[in-house]
Amino acid sequence: MDGMDDKDDKDREDRERAVRRDEAVRAAVDQGLLGPDSPIVGLLDVTGIRESAAALRAAFEAVAAPGTPVLHAFAVKATPLVPVLRLLHEEGIGAEVASPGELALARAAGVPSARTVLDSPAKTPAELREALELGIAVNADNPQELARIDALVGSATPGSPLGIRVNPQVGRGSIEALSTATTTSKFGVGLRDEGAREWVVRAYLDRPWLTRIHAHTGSQGIPLPLMAQGVAQTYALAEEINTRVGRRQIDTLDIGGGLPVNFGSEATAPTYAQYARLLGEVVPGLFDGRYGLVTEFGRSLLAKQGTVVARVEYTKSAGGRPVAVTHAGVQVATRTVYVPEAWPLRLAAYDAKGRPKAGPEVVQDIAGPACFAGDLLAEGRALAPLEPGDHVAALDTGAYCFAHHYAYNSLPRPAIHGFAPDGSGGIAFATVREPQTVRDIVAEAGEAHASALTTLHASERA
């Protein structure tokens, strides 16, 4: 498939995804998933998730030599939901985990140890021991962690694929907090630090069981050329190590993830195919079959497959500008509320029946339910005029939004439902996560220990 065919197919998928989303919002209202008593819900497009996974697999298959082992490991932090991980596993995608909780989610979803990678800058001895016992791939973040692994491995040959995470220190993108390859990044061994590169080489020379090397240049806001530069430097280091060793000790390169998402329009851009082709141009040896590959994409797989839909509770005017008060705000779009210039969201207006709302656009604020003035999904956004009972959808929120609840004002976690065509012209839903109840909130807030502090105070006086 040439580049034009790839673009045409992607444009068609993007249009079809928008149609499915509109149908799902209306069906959610019709079927009672969204209404006065359930004023906010998360929707996941199952068809879109399958298409996204297929696009990732196809992109690397198109450039890699036949027979090249490639593991695409989904970054669980992006959407830590067991049904999502199970669906991705069914679509040939593994799991990249960064905590005991994420590992437990991957295991609950049925992701095999052989298709799981553990990355974290703060692994405890217990976490490392568990990973080694399960045969999970581990990337050591620093010399102290490698020493812990030495002690756990001893003289035995480890059953887990093991490597070191390096930081190519190629620079930052437009969002500093998500740029993991800066000079002072907390991740990995900085290759430009004095003596660091030689330490890495020596670590491999001394440990024949180190067979992987890992680098992740960054996430949203990182341009593709910078990502490719980070991969190129990691590849060059692997070549240097194998030359020094005199054999192909490093057999797998973990190139991380980080493909940015276009939050400005419906278009999927950049695509996995574009990134894979760029890597083939910049690092031609990467795909010649000498190295297995691991990727760790997260946001780019799920963001455009999710939508948060919230009911408009009230409308008002402040300073001459209309304000729509909804049930979606900081609790589901934390980054957007606190750093709106870096994380703007597209919004869509729907009427009380869940139909796309037409009409002359009005500049208005879309406010959330939290009790602080900055709880805004958007400020001064042009949308069809909203009324109580209408709905606002925050688009492209399938990653790092409704599955990362921020419990401001003890606002409940919304229900999440997956949707797909039902085969007869309608939409079928499946519950991914139940809504959090008030009863759940009270229990989570320490209800079982309500007297703990007063009892402690009484014993102190005694």
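Residue indices begin at 1 and follow the sequence shown.
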Output yes when a side-chain donor or acceptor of [X] lies under 3.5 Å from a complementary backbone atom of [Y], and no otherwise.
X	Y	answer
S38	L33	yes
T326	A367	yes
T397	V308	yes
E23	I427	no
T334	V330	yes
N262	A267	yes
S120	A122	yes
D119	A98	no
Q249	R207	yes
T271	Q274	yes

Where do [X] and [Y] come nearest, in terms of heavy atoms and distance?
X	Y	result
G329	L377	CA-CD2, 4.2 Å
P344	A342	CD-C, 3.3 Å
L210	A203	CD1-O, 3.6 Å
V201	I241	CG2-CG1, 3.9 Å
L347	A378	CD1-CB, 3.6 Å
N139	E296	ND2-OE2, 4.3 Å

With a 4.0 Å cut-off, would you call [X] and [Y] a salt bridge?
X	Y	result
E145	K123	yes
E266	R21	yes
D251	R248	no
E96	K77	yes
K304	E51	no
R20	D45	yes
E198	R244	yes
K10	E13	yes

Original post:
When you look at E281 and R277, which way does the salt bridge (charged side-chain N to carboxylate O under 4.0 Å, His left out) test go after all the steps?
Top reply: CA-CA 6 Å; E281 296 168 3; R277 285 195 292 264; over 6 Å; no
Is any side-chain heavy atom of [X] less than 4.5 Å from a side-chain heavy atom of [Y]?
X	Y	result
T68	D288	no
I49	L301	no
N167	H216	no
L44	I416	yes
P66	E61	no
P369	L411	yes
I164	V189	yes
H417	V41	yes

Subject >> Residues H405, Q436; criterion side chain to side chain donor-acceptor pair (under 3.5 Å); working and verdict >> reply: CA-CA 11 Å; H405 190 73; Q436 187 182 31; 4.7 Å; no
**OP:** Determine the interplanar angle of the Y338 and F372 rings, folded into 0 to 90°, and report it as parallel if under 30°, tilted if 30 to 60°, perpendicular if over 60°.
**Re:**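 The arrangement is parallel - the two ring planes meet at less than 30°.
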**OP:** Kindly say whether the aromatic ring centers of H72 and F297 come within a distance under 6.0 Å.
**Re:** no
Nearest 0.5 Å, what's the [atom1]-[atom2] distance between [X] and [Y]?
X	Y	atom1	atom2	value
E16	T47	CD	OG1	9.5 Å
R212	L293	CZ	CG	10.0 Å
L134	S160	CG	OG	8.0 Å
N242	I213	CG	CD1	9.5 Å
H89	L85	NE2	CG	10.5 Å
I441	S410	CD1	OG	6.0 Å

Original post:
Passes side chain to side chain contact (heavy atoms under 4.5 Å, CB included), Y406 versus V337? Steps please.
Top reply: CA-CA 11 Å; Y406 179 47; V337 168; over 6 Å; no
Original post:
Does a sphere of radius 6.0 Å around CZ in R50 hold more than 12 heavy atoms from other residues, nucleotides or ligands, not counting ones at 6.0 Å or beyond?
Top reply: yes
Original post:
Could you go step by step and tell me if L162 and L132 meet the side chain to side chain contact (heavy atoms under 4.5 Å, CB included) rule?
Top reply: CA-CA 9 Å; L162 300 174; L132 294 175; 3.8 Å; yes
**OP:** Assess whether salt bridge (charged side-chain N to carboxylate O under 4.0 Å, His left out) is satisfied between R413 and E434, documenting all intermediate values.
**Re:** CA-CA 9 Å; R413 289 187 291 271; E434 297 282 354; over 6 Å; no
How about [X] and [Y]: does a side-chain donor come under 3.5 Å of a side-chain acceptor?
X	Y	result
Y350	D22	yes
S300	Y272	yes
E239	Y291	yes
T124	E127	yes

Original post:
Do I255 and V294 pass the side chain to side chain contact (heavy atoms under 4.5 Å, CB included) test, and can you show the C-alpha distance, the side-chain angles, and the key distance before you say yes or no?
Top reply: CA-CA 6 Å; I255 63 173; V294 177; over 6 Å; no
**OP:** Apply side chain to side chain contact (heavy atoms under 4.5 Å, CB included) to the pair V432 and F419, showing each step before the final yes or no.
**Re:** CA-CA 10 Å; V432 173; F419 67 88; over 6 Å; no
